[in-house]
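Structure first, then comments.
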Amino acid sequence: SVIDGVVIPEPPMERLAAGRHNRVSLVVGANRDETGRSAPLVMTENSYRAAVVALVGSQVLADLIVARYPSVEYGGSPRRAFVALTSDANFICGARRLARAAAAGQDEPVFRYHFTRALENGSPLLLTWGAYHGLELFFVFDKLTAAGYAPAPEEAALAETIQGYWRHLAAAG
């Protein structure tokens, strides 16, 4: 964000932590595979390591990062390790920081979610994408049947539960 002194008068995280914001109940979250749609569909161990070097610009730093996100911990999938790394870096850690800053600056409740559900009845491509960026919104806004998707019974039940939580938050804070 651009700090312009008017619309955005100071860094948002500082504003939240100091309590200089609209104090309302807040929901902050991210999905497990946020970058699942944008990551290469096929990655080898070598292409994974090269992608991390390209992201951080340093072999030494890349080696440290790959050691924290070894593909063996992601079912032996370099792609899944890369998605976890980039999802953490670009979405998940930021959502956690934002929720903590807001909670420190207000008495109103701050809720944090981590959405992990991939579409069970999806195509192989949807399954590869996992719980990608924005997927939870299909559950929140009752749009699971969009584009002809046939949700599994568990997905429909999860959508109903999520909608209930969000409705309750909107109605009662």
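This structure is a prediction, so every number in the text was calculated from the model and none was measured.
For the pair I3/P12, a side-chain contact is recorded, criterion being any heavy-atom separation below 4.5 Å from C-beta on. Side-chain contact between L55 and T86: present, with at least one pair of heavy atoms (C-beta onward) separated by less than 4.5 Å. Inter-residue side-chain proximity for H133 and N31 is flagged as unmet; no heavy-atom pair is nearer than 4.5 Å. Using a 4.5 Å cut-off on side-chain heavy atoms (C-beta onward), Y132 and V83 make no contact.
Residues P109 and G173 approach most closely at CG-O, 3.5 Å, considering heavy atoms. Closest of all the heavy-atom pairs between A118 and L135 is CA-CD2, 4.3 Å. When all heavy atoms of P70 and A67 are compared, the closest pair comes out as CD-O, 3.4 Å.
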Trace of the side-chain contact (heavy atoms from CB on, under 4.5 Å) decision for L144 with L119: CA-CA 9 Å; L144 279 175; L119 294 174; 4.0 Å; yes
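Taken from CG in L64 to OG in S58, the straight-line distance is 8.0 Å, to the nearest 0.5 Å. To the nearest 0.5 Å, atoms CG (L126) and CG (N121) are separated by 10.5 Å. Here CZ of R80 is found 14.0 Å from CG of L85. Values are rounded to the nearest 0.5 Å. Residue T35 holds its OG1 atom at 6.5 Å from CZ of F82, rounded to the nearest 0.5 Å.
S47 meets the side chain to side chain donor-acceptor pair (under 3.5 Å) test with T44; sequence neighbours excluded. Applying the side chain to side chain donor-acceptor pair (under 3.5 Å) rule to R20 yields the partners E10; only residues at least two apart in sequence or on another chain are considered. Residues meeting the side chain to side chain donor-acceptor pair (under 3.5 Å) test with R117, sequence neighbours left out: E120. Under the rule for a side chain to side chain donor-acceptor pair (under 3.5 Å), the partners of E45 that lie at least two apart in sequence or sit in another chain are S71.
Panel note: side chain R79, backbone G36; a donor-acceptor pair is recorded below 3.5 Å. D88 contributes no side-chain N or O that, together with a main-chain N or O of I92, makes up a donor-acceptor pair within less than 3.5 Å. A distance-only check finds a donor-acceptor pair linking the side chain of D33 to the backbone of A131 [under 3.5 Å].
Residues V56 and V60 do not share a hydrophobic cluster, clusters being chains of Ile/Leu/Val/Met/Phe/Trp/Tyr side chains in contact below 4.5 Å. Residues V110 and F91 fall into different hydrophobic clusters, defined by Ile, Leu, Val, Met, Phe, Trp and Tyr side chains chained together at heavy-atom separations under 4.5 Å. Transitive grouping of hydrophobic side chains (ILVMFWY, heavy atoms separated by less than 4.5 Å) brings F139 and L137 into a common cluster. Y69 and M43 fall within the same hydrophobic cluster, defined by Ile, Leu, Val, Met, Phe, Trp and Tyr side-chain heavy atoms under 4.5 Å apart, directly or through other members. By the rule that hydrophobic residues join a cluster once side-chain heavy atoms approach within less than 4.5 Å of another member, F141 and F138 end up as members of one cluster.
Within the structure, side-chain hydrogen bond (donor to acceptor under 3.5 Å, both in side chains) pairs that include any residue of residues 99-108 comprise H21-Q106 (at least two apart or interchain). Sorted by first then second residue, the side-chain hydrogen bond (donor to acceptor under 3.5 Å, both in side chains) pairs that include residues 150-173, not counting sequence neighbours, are Y149-E155.
Exactly one residue among V28, V27, I162 makes a side-chain contact (heavy atoms from CB on, under 4.5 Å) with Y113. That residue is V27.
Counted within 6.0 Å of CZ on R32, heavy atoms from surrounding residues, nucleotides or ligands total more than 12; the atom is thus considered enclosed. Crowding of N22 atom CG: a count of heavy atoms from other residues, nucleotides or ligands under 6.0 Å not exceeding 12.
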